[in-house]
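Below is one structure, written out as structure tokens; comments come after it.
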Amino acid sequence: MGLRPNIRVLRDMKARQGVLDNEVTRRAYLFVARNQNLPPQVRHQAQLQLNTFGRYTRPTTVKNRCYASGRGRGIMSEFGLCRYQFRLKALSGLLNGVKKASW
């Protein structure tokens, strides 16, 4: 029996993929919608197009999460793990180049 990925991690992966797929078009519509030199009708149409994008195409929906537990706080970005999982994996020797400090 293998480990099932946490639903939060799956949702975050979906959001990252959606942002990646739609980044260029979203930025183009944002540029048009915010450009004060363009006519209001064009800007309004660009804003309407922005509103048609789905939830997981916005960059603000992406959150760093621990890939092992799905926890959203205390993430060490270099390893993609929360503090607790980082400690467990480091003590068991699963992280290369990480060892317990002693002085």
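The heavy-atom pair separating V9 from G70 by the smallest distance is CG2-CA, 3.6 Å. Residues S69 and C82 approach most closely at OG-SG, 3.7 Å, considering heavy atoms. Across all non-hydrogen atoms, the minimal contact from K63 to G72 is NZ-O, 3.4 Å.
For the side-chain contact (heavy atoms from CB on, under 4.5 Å) test with L81, the passing option among I75, L88, L95 is L95; the others fail.
For the atom pair L10 CG and R65 CZ, the distance stands at 11.5 Å (nearest 0.5 Å).
Side-chain contact check for Q17 versus Y56: every heavy-atom pair is 4.5 Å or farther apart. Using a 4.5 Å heavy-atom threshold, the side chains of R71 and R8 count as separate. Contact of the L20 side chain with the R16 side chain is not registered, since no non-hydrogen atoms from C-beta on lie closer than 4.5 Å.
At least one donor-acceptor pair closer than 3.5 Å links the side chain of R43 to the backbone N or O of N35.
Few gaps surround CZ on F53; more than 12 heavy atoms of other groups in view lie less than 6.0 Å from it. More than 12 heavy-atom neighbours from other residues, nucleotides or ligands sit within 6.0 angstrom of CZ on F86.
M13 and Y67 are assigned to two separate hydrophobic clusters, defined by single-linkage of ILVMFWY side chains at heavy-atom distances under 4.5 Å.
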side-chain contact (heavy atoms from CB on, under 4.5 Å) assessment of D12 paired with V62:
CA-CA 6 Å; D12 188 57; V62 174; 4.0 Å; yes
